Number of protein chains: 2
Amino acid sequence: MKHLRLFEYIDAVVRAGSIRRASEALYITPSALDRRIQQIEEELGTQIFERHSKGMRLTAAGEIFLDYVRRHMADLERVRSEIEGLKGLRKGHVSLVASQALALKFLPEQIRLFRERHPGVSFTIRIADRGEALKALMAFEADLAVVVFPKMSSEVLQLIMVAQPVVALMSVHHPLATQPTVRLSECLNYPLVLPDASLGVRELLSPILVRRTHKAQISAETNSFELMRGLLQDHRSVGFQIAIGTPDITQESSIISRPIDERDVPTAPLICAQLRGRTLSVAAARFADQLTQHLDQMDITS
Amino acid sequence: MKHLRLFEYIDAVVRAGSIRRASEALYITPSALDRRIQQIEEELGTQIFERHSKGMRLTAAGEIFLDYVRRHMADLERVRSEIEGLKGLRKGHVSLVASQALALKFLPEQIRLFRERHPGVSFTIRIADRGEALKALMAFEADLAVVVFPKMSSEVLQLIMVAQPVVALMSVHHPLATQPTVRLSECLNYPLVLPDASLGVRELLSPILVRRTHKAQISAETNSFELMRGLLQDHRSVGFQIAIGTPDITQESSIISRPIDERDVPTAPLICAQLRGRTLSVAAARFADQLTQHLDQMDITS
DNA sequence: CTCCAGCGTTGAGTTTTTTAGAACACTATC
DNA sequence: GATAGTGTTCTAAAAAACTCAACGCTGGAG
């Protein structure tokens with residue numbers, strides 16, 4: 001919208017860190033951008049930015065104002081969405097940030113399901129680690145976050161929480177593949193492919209593995225479950241993931257999952273969250289409904 | 001602020017009911033105003049107004065958008081106030097809507113007290129009846145409402161409620177003036193000057209007076225306590241008011257108040273309220289603090 | 001039934017605002 | 001001390017907003 005140009009300018013300068021870089025992103029000249037910022041500062045009667053030789057940094061007043069700017073740009077999206085909602089949710093957009101575990105199966109399924117009923121709704125999905133996810137929420141970059149083992153903050157409102165069991169991943173040709181369930185100690189007989197510290201599952205495994213470190217043979221650590229599944233193709237290694245992120249057996253991936261005995265590893269909390277105090281767009285709210293509903297069912301069956 | 005011009009235009013058109021009248025209030029031509037509205041409607045992809053031969057009325061989408069517009073204009077005021085708050089509340093503004101009973105003594109005292117500590121803070125005070133007061137809150141025309149016996153709605157948040165006793169008003173030369181307290185039945189021996197239905201006190205008196213209507217002699221009804229006090233100068237009539245709205249004895253007004261026995265008339269609820277979900281400006285929030293504090297003390301002593 | 005008063009709207013011309021482009025002043029870093 | 005980065009200012013040009021005058025429409029009064 002035209003009249004929010006000034007707001008977008010400020011937001012861009014904060015993101016870029018300097019007028020010149022922001023001006024490139026906005027396709028205008030630095031001089032024009034500079035004038036608009038000076039105009040706002042004059043209207044507010046306060047400096048919004050500290051002029052640093054390496055760029056612009058927000059002042060205290062600027063932090064307050066930026067929060068207003070972002071909140072209201074997001075709120076306008078909600079209003080537009082609500083207006084579209086009057087016509088039956090024909091259009092709309094949902095912006096998600098999610099943990100990697102959900103990228104394989106859960107989110108694609110959920111989005112496909114949602115778009116069957118609401119074909120006009122589009123999505124942007126950013127896969128991020130636990131730290132980034134909630135930051136994106138607070139910077140109004142995402143409507144919803146679906147995260148494994150998040151570091152919660154008081155600014156984030158948890159919509160639902162389900163307990164996800166940790167499972168062991170391995171090739172179908174792996175010796176343990178014949179068992180219906182496995183014990184953690186059995187896994188330790190094989191080379192381990194571990195998720196790294198940026199992933200929630202690792203948070204659960206670390207304290208346990210530390211105690212048995214003399215037995216464990218860690219062959220690889222990675223922040224990519226995709227890579228992990230590739231490494232497991234050696235038919236010997238064992239990986240870990242939460243149940244919801246498990247690949248389908250029907251796929252030709254030849255990777256299967258086996259539940260780990262409950263006594264060995266605690267369950268991982270999987271949450272869906274939004275920014276507290278923010279009103280979601282119609283599309284985002286409906287999608288959150290669908291998510292919580294499916295997650296809830298899943299929790300009962302497990 | 002400059003870039004909120006479009007928002008102010010919309011707000012003005014809604015208030016005026018037509019482009020031409022709004023254009024007068026805004027000191028621009030109707031054609032300019034019309035073009036901006038069409039621009040917004042194009043950007044939103046929806047009609048905001050129904051074109052009627054007598055003017056413009058909001059559509060459903062318009063209602064949603066207007067709420068956004070007003071909320072955000074009010075929120076910008078809060079942001080400005082918060083930024084000023086960083087410098088110690090040197091500037092600021094509080095917009096009040098209040099019942100008439102508070103116009104005589106309570107509000108002037110409270111505002112004087114507040115401005116002693118914060119000389120840079122200015123006030124606008126609108127005296128209104130109970131219906132208008134809460135409407136003003138919901139239209140973002142006032143930050144705070146201080147109202148006697150309001151019709152509460154779920155959209156307003158009650159900050160404090162104190163019980164106010166009803167008192168009888170009369171001239172110092174009135175026969176009843178010698179008594180420390182009076183019974184309602186004693187008042188009925190004299191001509192009554194009643195507040196009318198727009199005032200909260202009447203709400204309390206009506207059901208009681210109906211039962212004794214054969215005895216009561218109503219000489220006047222008015223929506224002005226100032227007029228009521230004038231009428232009481234005949235040394236015979238008796239009026240009613242809540243304790244907080246009572247004139248000081250030290251004034252030359254020669255009107256005094258006498259508590260009515262508690263058994264005769266219930267107390268009147270006096271509340272201070274804001275719009276639910278709205279963040280008040282620093283100045284308004286501090287003033288609300290002061291009000292609740294003083295009202296609370298007052299409640300204990302009575 | 002006509003006429004009038006009010007409404008929203010449009011086209012052409014003017015004013016104000018915003019942007020572009022080049023140059024300047026400053027500051028860290030190598 | 002050169003250099004690459006920053007914010008800023010000057011001018012002119014482009015874009016947006018506004019004015020003025022006029023048109024077409026509707027509902028009610030004479």
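Everything quoted here is computed from the prediction, not taken from an experiment. Order of the sequence lines fixes the chain letters, A, B, ..., with proteins taken first and strands second; residue numbering starts at 1 for each chain.
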Hey, is [X] close enough to [Y] for a salt bridge, meaning N to O under 4.0 Å?
X	Y	answer
B:Arg78	B:Glu82	yes
B:Arg51	B:Glu41	yes
A:Asp196	A:Arg202	no
B:Glu84	B:Arg80	no

For the pair made of [atom1] in [X] and [atom2] in [N], what is the distance, rounded to whole Å?
X	N	atom1	atom2	answer
B:Glu8	D:dA17	CD	C1'	15 Å
A:Ile28	D:dA14	CD1	P	18 Å
A:Glu50	C:dT27	CD	C1'	16 Å
A:Glu42	D:dT9	CD	P	12 Å
B:Arg57	C:dG8	CZ	C1'	15 Å
B:Glu24	C:dG6	CD	P	10 Å
A:Arg36	D:dT8	CZ	P	13 Å
B:Asp34	C:dG11	CG	P	12 Å

OP1 or OP2 of [N] sitting under 4.0 Å from any side-chain N/O of [X]?
X	N	value
A:Gln39	C:dT18	yes
A:Tyr9	C:dT18	no
B:Arg51	C:dT9	yes

- prompt: Mapping A:Gln38 and A:Lys54 onto DNA chain D by nearest heavy atom, which one lands closer to the 5' end?
  reply: A:Lys54

Base [N] paired with [X] side chain (donor-acceptor, <3.5 Å):
X	N	answer
A:Ser31	C:dG21	yes
A:Arg20	D:dG7	yes
A:Arg21	D:dG5	no

Shortest side-chain distance from [X], nucleotide among [options]:
X	options	answer
A:Met56	D:dC18, C:dT9, D:dG7	D:dG7
B:Pro30	D:dC20, C:dT9, D:dT6	C:dT9
A:Ser53	D:dG7, C:dT27, D:dA17	C:dT27

So [X], base contact, sugar-phosphate only, or nothing? Heavy-atom distance under 4.0 Å.
X	answer
A:Phe49	nothing
B:Arg35	base
B:Ser18	sugar-phosphate

query: A:His52 or A:Leu6: which one's nearest nucleotide on DNA chain C is closer to the 5' end?
result: A:Leu6

task: Determine which pairs satisfy side-chain hydrogen bond (donor to acceptor under 3.5 Å, both in side chains) with at least one residue from residues 123-150 of chain B, sequence neighbours left out, and list them in order.
output: B:Arg15-B:Glu141, B:His93-B:Thr124, B:Ser95-B:Thr124, B:Arg126-B:Glu132, B:Arg126-B:Glu141, B:Arg130-B:Glu203, B:Asp143-B:Arg278

field: Where A:Ala142 and A:Leu137 come nearest, the two heavy atoms and their spacing
entry: O-CD1, 3.5 Å

